[in-house]
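Whatever order the structure lists ligands and atoms in, that order sets their numbers, starting from 1. These values consider heavy atoms only, across backbone and side chains, with no hydrogens, waters or symmetry-generated copies.
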Amino acid sequence: MPATSATRIIANGRVWTAVPGAAGLGAAVSVLPLAIAEQQGRITASGALHDLQQRYPGAALYDAGGRLVTPGFIDCHTHIVHAGNRAAEFERRRAGESYQSIAQSGGGILSTVRATRAASLQQLIDTALPRVDALLAEGVTTLEIKSGYGLDLDPELRMLRAARAIADQRALGVATTYLGAHALPPEHGGDAEGYVERLCKELIPAVAASGLADAFDAYCESVAFTAPQVARIFAAAQAHGLRVKLHADQLSNMHGARLAAQHHALSADHLEYTDEDGVAALARAGTVAVLLPGAFYFLRERQRPPVEALRRAGVPMAVATDCNPGTSPLTSLLTAMNLAAVEFGLGTAECLAGVTCHAARALGLQDAIGTIAPGMWCDLAVWNVEQPAELVNNLGARPLHRRFWHGQPDA
Ligand code: NIG
Ligand code: FE
């Protein structure tokens, strides 16, 4: 039965899209000459232009001019809403101080907490938008934004509102994450158990009820929360209908990957110190491994995430910027891909899947975004490159030709 009213056909593209779960992601990257039909923002079909034009007579044509077309990119781990900056800590680290010791002396996350608590909603939006725009200029069409620099009800809700406002003010999708267990708030005077109790009884129920958070996140680390504490917090988040994610095994092996898997987390992120047991647990649970090479680079880490073990076990790997003022002041997903390739050994197809289908899965959105297939949102990036490897190889290039979000091209 021929359909009649596609609003647009994107023609003359050379299309790359991952087939999630397909073997051999690390091998050759194949690109197909395809046209894509879009109706009311969603992909309805892809195939030969001639066939689509017959099926959708009268559809508007967008000529991709033989360019590479990929799914719109997804940055699935950011702290892009925050106030202040921590360039002075960058200087301290270069002088030899460690991230942990800066954090223990009241800097680190807590210094951004002070600045963020003092900022208005409008200030949070205004300071985040240039960073967001930098990502959009690289083909990002969906962005995850975490709270976690408020650490009390009002400033956490303010951060989440800022994230929602960004989605209203730009052509992109935003997935919000309540990072309630990022650090112990200073007013708790070292009483982590007291804060965990408050999170479970008061803060998580209130944030869940606000409807402002799509997921919950925690930081399991020596400078943050222990595995048993995170387990209690996750149970509360899940009881309030929030899916969970975890900052896991970044600076030491806290068995965070295993913990995330036990809770069927959407993703376990960082993973530098994850061991074979952790990898096996992620594989069993179907939890996505989100690699954050920006934080690895800025902290001059030496321990790499177990990429070969993740690959062998079939754990989907995503790549994200971790854009934050301390450990990853990075607003370039293309750079994150390059770092993932150079530092972690990912192939081009793994990098591309890492910012498309696997990033979508890390947000629980794999049925809506991240691949070019009927029924998915028509979020696309059209690139001025000859081959996909250039997107990973060329550092500092500006290869984006056009971005489509929900079927609409940017001006
Ligand atoms: O993902 N690991 C915890 N959170 C951030 C760091 C945040 C900060 O230092 O402000 C991260 O690296
Ligand atoms: Fe993070």
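The ring of His401 has its center no closer than 6.0 angstrom to the ring center of Trp383. Two rings, from Tyr62 and Phe404, have their centers less than 6.0 Å apart.
Put simply, the side chain of Lys245 gets close to the backbone of Ala362: a donor and an acceptor are under 3.5 Å apart. Judged purely by atom type and a 3.5 angstrom limit, Arg198 has no side-chain atom pairing as donor or acceptor with the backbone of Glu193. Within the 3.5 Å criterion, the main-chain N or O of His255 finds a donor-acceptor partner in the side chain of Asp249.
Listed as neighbours of ligand 1 are His77, His79, Arg86, Tyr99, Ile109, Tyr149, His182, Tyr219, His247, Gln250, His270, Asp322, Asn324, Thr327, each bearing a heavy atom under 4.0 Å from the ligand.
Aromatic ring orientation, His79 versus His247: tilted (interplanar angle from 30° to 60°).
Neighbours of the Fe ion (ligand 2) restricted to protein N, O or S atoms under 2.8 Å: the count is 4.
For His263, the ring-ring contact (aromatic ring centres under 6.0 Å, His included) partners two or more places apart in sequence, or in a different chain, are Phe234. Under the ring-ring contact (aromatic ring centres under 6.0 Å, His included) criterion, Trp405 pairs with no residue at all, not counting sequence neighbours.
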Inset, instruction - Start with the C-alpha gap between Ser328 and Asp322, add the side-chain angles, then the distance that decides, and say whether side chain to side chain donor-acceptor pair (under 3.5 Å) holds. - result: CA-CA 6 Å; Ser328 192; Asp322 193 15; 4.9 Å; no

